[in-house]
Amino acid sequence: MADLLALKGERWTTFRARAGIGEKGAKDLIERFGSAEGALEHAAEVERKAYREGLQNHVEQVRQSKRLATIFD
């Protein structure tokens, strides 16, 4: 759950990931790379430009969202 929230965020909570990735995209990335951190490490391999750039440009926001989600999980 923490990885999912880290990548997709929730507009109505403190999980404000700015990667521009929705729930389906986040699930696909977690399935492929194992975690949000794995997706960040392999961002250059992501085919979809919006996801790739979102991961590359919002590394700290994704990590912070995962830390927060881990606390609440």
Side-chain angles (χ1 to χ4, degrees):
M1 181 67 127
D3 288 297
L4 185 66
L5 285 173
L7 291 173
K8 78 175 191 83
E10 287 290 342
R11 291 181 184 182
W12 51 272
T13 67
T14 57
F15 306 110
R16 306 265 170 123
R18 294 181 181 90
I21 300 170
E23 186 163 346
K24 183 182 181 316
K27 287 179 179 179
D28 290 344
L29 290 170
I30 292 166
E31 184 176 315
R32 180 172 176 192
F33 300 113
S35 66
E37 196 64 40
L40 290 172
E41 290 172 9
H42 296 280
E45 300 170 30
V46 175
E47 292 85 9
R48 189 166 177 177
K49 182 180 178 183
Y51 293 178
R52 181 177 61 250
E53 289 178 352
L55 290 168
Q56 292 170 333
N57 295 331
H58 301 288
V59 172
E60 286 308 311
Q61 290 94 334
V62 171
R63 287 183 176 149
Q64 181 180 17
S65 290
K66 181 165 181 182
R67 283 191 297 272
L68 288 170
T70 302
I71 292 169
F72 294 107
D73 195 12

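Predicted model only: the values in this text are computed from it and were never measured.
- Arg32 CZ: more than 12 foreign heavy atoms inside a 6.0 Å radius.
- Checked against side-chain contact (heavy atoms from CB on, under 4.5 Å), Lys49 has the following partners two or more places apart in sequence or in another chain: Arg52, Glu53.
- Val46 has its side chain within reach of Phe33: a pair of non-hydrogen atoms, C-beta onward, lies under 4.5 Å apart.
- Residue Leu4 holds its CG atom at 10.5 Å from CD1 of Ile21, rounded to the nearest 0.5 Å.
- In terms of heavy-atom proximity, Thr70 sits nearest to Ala2 at OG1-CB, 3.7 Å.
- For the residue pair Lys66 and Ala36, the shortest heavy atom distance occurs at CD-CB, 4.4 Å.
- Rounded to the nearest 0.5 angstrom, Ser35 OG and Leu29 CG are separated by 10.5 Å.
- Legend: residues meeting side-chain contact (heavy atoms from CB on, under 4.5 Å) with Arg63, ordered by chain and number and at least two apart, are Glu37, Leu40, Val59, Glu60, Arg67.
- Between Glu31 and Lys27 there is no salt bridge, since no side-chain N of the basic residue sits under 4.0 Å from a carboxylate O of the acidic one.
- Gln56 approaches Ala43 most closely through the heavy-atom pair CG-CB, 3.8 Å.
- Expressed to the nearest 0.5 Å, how far CE of Met1 lies from CD1 of Ile30 amounts to 10.5 Å.
- A heavy-atom distance below 4.5 Å is found between the side chains of Lys24 and Asp28.
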